[in-house]
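Below is one structure, written out as structure tokens, with a few remarks after it.
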2 protein chains.
Amino acid sequence: MDTAERLIESTRELLWERGYTGTSPKAIQQHAGAGQGSMYHHFSGKPDLALTAMRRSAQELVAQADARMSGDGTAVERVSAYLLRERDALRGCRVGRMAMDPDVIDSPELRQPVRETFAWLRGRLAEIVAEGVAAGEFDTALDPRDTAAMITAVVQGGYVLARAEGSQEPFDRAVRGAVALLAARAPGK
Amino acid sequence: MDTAERLIESTRELLWERGYTGTSPKAIQQHAGAGQGSMYHHFSGKPDLALTAMRRSAQELVAQADARMSGDGTAVERVSAYLLRERDALRGCRVGRMAMDPDVIDSPELRQPVRETFAWLRGRLAEIVAEGVAAGEFDTALDPRDTAAMITAVVQGGYVLARAEGSQEPFDRAVRGAVALLAARAPGK
DNA sequence: GTCTATACGCTGATAGAC
DNA sequence: GTCTATCAGCGTATAGAC
């Protein structure tokens with residue numbers, strides 16, 4: 001792994017762990033084993049490096065989520081596969097975490113990958129819910145876009161509960177609660 | 001409002017806006033119109049002041065939530081009242097925000113009010129869901145604690161979506177999605 | 001109680017040598 | 001490409017005068 005690559009991966013880890021405000025160029029350099037000059041040779045500064053790292057994390061998240069949601073199975077199964085995917089809830093979401101960072105949210109450039117990620121997630125889930133409604137799996141009273149937002153929110157909020165409690169449990173309960181509610185919505189049940 | 005009070009309120013505002021890591025003693029002093037010596041006379045340092053501010057925000061949240069959830073009405077109505085309460089989603093949750101701050105989560109003392117707040121919220125909602133199940137409002141297949149975690153998570157996750165998007169809309173969709181799903185869970189429906 | 005002075009390391013860079 | 005030097009300002013206090 002070359003120096004630029006190590007800097008990006010180090011930034012990804014530190015942004016995950018400490019957020020944007022809590023991550024300094026110096027900490028990134030030490031984690032990457034690179035000097036000051038090296039970092040400023042490859043990147044114009046902290047925002048540039050953070051943006052590169054965030055874009056990569058965003059792409060990774062989309063790819064992983066898409067793999068869960070676009071496989072075989074009914075709509076309920078695919079949504080459940082997304083919700084029940086194993087996650088280390090105490091570490092949180094690499095992308096969602098950025099939404100609480102004022103320096104990220106206040107910068108249109110830095111916010112863009114975060115915005116796009118969640119816009120895509122909500123849109124993709126809404127398609128699947130709509131397919132489920134069309135297939136008779138879900139009650140026609142369910143609004144696909146509202147339901148998709150709810151599903152996305154449960155995961156992100158689950159991280160908050162888990163970190164507050166210092167335990168994975170509230171996260172698992174939240175997603176199980178959502179799956180139970182969704183799975184029972186078949187009109188025939 | 002005396003000096004100590006202004007320091008606490010200023011800290012509450014800054015913690016809400018910028019988080020713990022992003023809030024410096026200097027910024028607090030300036031916001032409160034107080035000098036260095038003044039702040040260190042009333043509080044031992046940043047953690048002490050932050051803890052005082054966080055405890056107050058936690059109590060406030062519990063009081064407001066309890067008012068929504070302990071009124072008259074069916075279980076569905078009281079849960080919906082909690083979910084649909086008007087919120088400025090772009091500002092986020094004063095308490096939930098702290099869960100993403102590593103310095104808060106890594107300190108048992110600072111984490112305590114955050115942990116207690118969400119433990120209380122999930123417990124209170126679980127009671128109400130259990131009442132709803134007993135009253136025949138909800139399907140007996142619903143696990144009250146899982147459902148309570150899901151409800152709490154939807155609100156916290158809604159804030160993430162709203163801030164990512166720069167709009168209140170995803171938050172409103174998420175809570176409406178949750179209300180629709182819950183309201184439809186009456187066994188007769 | 002509040003003020004000013006002082007301190008030391010960190011933040012986020014820039015400049016120029018190698 | 002990477003290294004070291006240098007910098008102005010901030011973060012988080014402590015000490016002591018008033």
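The sequence lines fix the lettering, A, B, ..., with proteins before strands; numbering per chain opens at 1.
Contacts between residues 101-114 of chain A and DNA chain C, defined by a heavy-atom separation below 4.0 Å, involve no residue at all. Non-hydrogen atoms lying under 4.0 Å from DNA chain C are contributed by Gly35(B), all within residues 21-35 of chain B.
Under the rule for a salt bridge (charged side-chain N to carboxylate O under 4.0 Å, His left out), the partners of Glu5(B) that lie at least two apart in sequence or sit in another chain are Arg56(B). Tyr82(A) meets the side-chain hydrogen bond (donor to acceptor under 3.5 Å, both in side chains) test with no other residue; sequence neighbours excluded. Residues satisfying the side-chain contact (heavy atoms from CB on, under 4.5 Å) test with Glu116(A), not counting sequence neighbours, are Gln112(A). Residues meeting the side-chain contact (heavy atoms from CB on, under 4.5 Å) test with Val179(A), sequence neighbours left out: Ser80(A), Leu83(A), Leu84(A). The salt bridge (charged side-chain N to carboxylate O under 4.0 Å, His left out) test applied to Asp66(B) returns Arg124(B), not counting sequence neighbours. Taking the salt bridge (charged side-chain N to carboxylate O under 4.0 Å, His left out) definition, one finds that Arg111(B) meets it with nothing, sequence neighbours left out.
One finds a salt bridge joining Asp103(B) and Arg18(A) here, because a Lys/Arg side-chain nitrogen approaches an Asp/Glu carboxylate oxygen to under 4.0 Å.
Rounded to whole Å, atom C1' of dA15(D) lies 13 Å from atom CD of Gln36(B). Nucleotide dG11(D) holds its P atom 11 Å from the OH atom of Tyr40(B), rounded to whole Å. The NE2 atom of His41(B) sits 16 Å away from the P atom of dA15(D) (whole-angstrom rounding).
Nearest-nucleotide positions on DNA chain C for Met39(A) and Ala4(B) put Ala4(B) closer to the 5' end.
Nucleotides of DNA chain C lying under 4.0 Å from heavy atoms of chain B occupy a range whose first and last members, 5' to 3', are dG1(C) to dT4(C).
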Could you tabulate the donor-acceptor pairs under 3.5 Å formed by side-chain atoms of residues 88-101 of chain B, not counting sequence neighbours?
unit_1: Asp88(B); atom_1: OD1; unit_2: Leu90(B); atom_2: N; d: 3.4
unit_1: Arg94(B); atom_1: NH2; unit_2: Glu13(B); atom_2: OE2; d: 2.3
unit_1: Arg97(B); atom_1: NE; unit_2: Trp16(B); atom_2: O; d: 2.9
unit_1: Arg97(B); atom_1: NH1; unit_2: Met100(A); atom_2: O; d: 3.4
unit_1: Arg97(B); atom_1: NH2; unit_2: Met100(A); atom_2: O; d: 2.4
unit_1: Asp101(B); atom_1: OD1; unit_2: Thr21(B); atom_2: N; d: 3.4
unit_1: Asp101(B); atom_1: OD1; unit_2: Thr21(B); atom_2: OG1; d: 2.6
unit_1: Asp101(B); atom_1: OD2; unit_2: Tyr20(B); atom_2: N; d: 2.6
unit_1: Asp101(B); atom_1: OD2; unit_2: Thr21(B); atom_2: N; d: 3.4

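Listed by chain and number, the hydrophobic cluster partners of Ile105(A) come to none, as no ILVMFWY side chain reaches under 4.5 Å of it. Residues Leu7(B), Ile8(B), Leu14(B), Ile28(B), Tyr40(B), Phe43(B), Leu49(B) make up the rest of the hydrophobic cluster containing Met39(B), defined by ILVMFWY side-chain heavy atoms closer than 4.5 Å, directly or through other members.
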